[in-house]
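The structure appears right after this line, and notes come after that.
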Amino acid sequence: MKNKNIIAAVIAFCLCACAMPVNILAANEKIEESTEKSNYSIGEIGGYLEGSIKTVRQMENERLFSNSTGHGFAAEQANNLVDRLHGKNATVVGGDNAKNGADRKILNPIWIQDKYYSTASNTVNAAFDNETGTYRYIDENDKPMQLEVPADQYDKAVELMKKKIESGKVKGVTDGSEAENLVRKGNVTYAQAKNIAKAGTIDSLKYDAANGVITASCAVGISFALDYAVCKLNGYDTNTALKDSAINGLKTGSVVFASYVISAQITKTGAANALAPATDAIANQLGENTCQAILDTFGVTAPAATKESVIRQASKILQNTIISDAVIVVVLSADDIYNLFAGRISKEQLLKELTVAIASV
């Protein structure tokens, strides 16, 4: 609870800071002049925008981590991430909540159902129907899906699955040795999945850092391409254009990386839910069409094709966006805030830089 209060205070500070410049600009012409020319290049702003969209989209996935069974969702995402890093075309497909549907897919296709329980027995048994005792996860070709289990439970899970097969509990499979093919060893253990779902753990930070690198790399590419094009249009020689674009790209990537990791950690605390009353009111005022446009922008689908579902989902996206943008402002201003406390700049200069950061965001 203490951590949530601290996070809420940081967010409140950022939102208040967003409102402060309105009055400050009216009273101080120097600050107004400082905002006429942004400190950020077109490439940087483009990179920050791309990073923000990807961050908000991933935050929506990770909000499920704070649920009571959040470690199961964390296991799906973590296993999928590792497979992608190994070059596999893997996706999470369990968002449709289809009964006895797959959680993940690796193009061939290989359909995968993730089960992460505290013991191998509970993990395997969860894949079988309570009434009939038969294996529940069958694909459209009438073949059993792979059962992905915690890495530390794999050997025991194979033994248990072999007994299930020999007992005739798996449709279309009679050879017990097929258990090794039916049971898939997860990329993370049960304990790691539990830790990934929490904020502040080593496993959680490593997972967010890996996702942060992917997100930042996209932002770097966009920033570099935009700035290089602008430099060439302005008559810069190739070496200068490459150098300036590369520097801006690296700066953009570092900001997006830090912003992503911090935003993801905040998401795992469930702090975004505190913003619900405000974003619910905003989403209702925006209406269904605008809310649908918001969802389309971030590549998010509402749980149901109803007006209420669309508005409710858009409200959650707005919550994620507020947190993400507030974090970006803090990250962009971190150096100036440090310099203020170090006595290197004045409060007035900090306000100028903060105004530019907020305006750009």
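Owing to the predicted nature of the structure, the values given are computational and were not obtained by experimental measurement.
- Under the 4.5 Å side-chain contact rule for hydrophobic residues, Ile294 and Ile311 do not share a cluster.
- At a threshold of 4.5 Å between side-chain heavy atoms, the hydrophobic network of Ile, Leu, Val, Met, Phe, Trp and Tyr places Leu107 and Val93 in two separate groups.
- In this view, Asp336 satisfies the salt bridge (Lys or Arg N to Asp or Glu O under 4.0 Å) rule with no residue, not counting sequence neighbours.
- For Lys88 and Asn108, the side-chain atoms include no donor-acceptor pair closer than 3.5 Å.
- Asn248 and Tyr228 share no side-chain donor-acceptor pair at under 3.5 Å.
- Note on Phe65 and Tyr116: same hydrophobic cluster, where clusters join Ile, Leu, Val, Met, Phe, Trp and Tyr whose side-chain heavy atoms are under 4.5 Å apart, directly or indirectly.
- Residues passing the side-chain hydrogen bond (donor to acceptor under 3.5 Å, both in side chains) test with Thr55: none are found, sequence neighbours excluded.
- Using a 4.5 Å heavy-atom threshold, the side chains of Ile202 and Lys206 count as touching.
- Between the side chain of Ser254 and the backbone N or O of Lys251 there is at least one donor-acceptor pair closer than 3.5 Å.
- If you check the side chains of Gln192 and Asn195, you find no donor sitting under 3.5 Å from an acceptor.
- In the hydrophobic cluster analysis, where Ile, Leu, Val, Met, Phe, Trp and Tyr join through side-chain heavy atoms closer than 4.5 angstrom, Phe257 is grouped apart from Ile222.
- In this structure, Gly253 and Val220 approach most closely via the heavy-atom pair CA-CG2, 3.5 Å.
- For the pair Asn67 and Leu64, the minimum side-chain heavy-atom distance is below 4.5 Å.
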TODO: I would like to know whether Glu353 and Ser333 meet side-chain hydrogen bond (donor to acceptor under 3.5 Å, both in side chains); could you show each step before the answer?
DONE: CA-CA 7 Å; Glu353 301 300 330; Ser333 306; over 6 Å; no
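- Between the side chain of Asp152 and the backbone N or O of Tyr190 there is at least one donor-acceptor pair closer than 3.5 Å.
- Between Phe298 and Ile317 the shortest heavy-atom distance is CD1-CG2, 3.6 Å.
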Pairs under 3.5 angstrom only: tabulate donor-acceptor contacts from the side chains of residues 272-284 to other protein residues two or more places apart or in another chain.
unit_1 : atom_1 : unit_2 : atom_2 : d
Asn273 : OD1    : Arg63  : NH2    : 2.8
Asn273 : ND2    : Gly270 : O      : 3.4
Thr279 : OG1    : Leu275 : O      : 3.2
Thr279 : OG1    : Ala276 : O      : 3.3
Thr279 : OG1    : Ser315 : O      : 3.4
Thr279 : OG1    : Ser315 : OG     : 2.8
Thr279 : OG1    : Gln319 : NE2    : 3.0
Asp280 : OD1    : Ser315 : OG     : 2.5
Asn284 : ND2    : Asp280 : O      : 2.8

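- No hydrogens or angles considered: a donor-acceptor pair under 3.5 Å links the side chains of Thr238 and Lys232.
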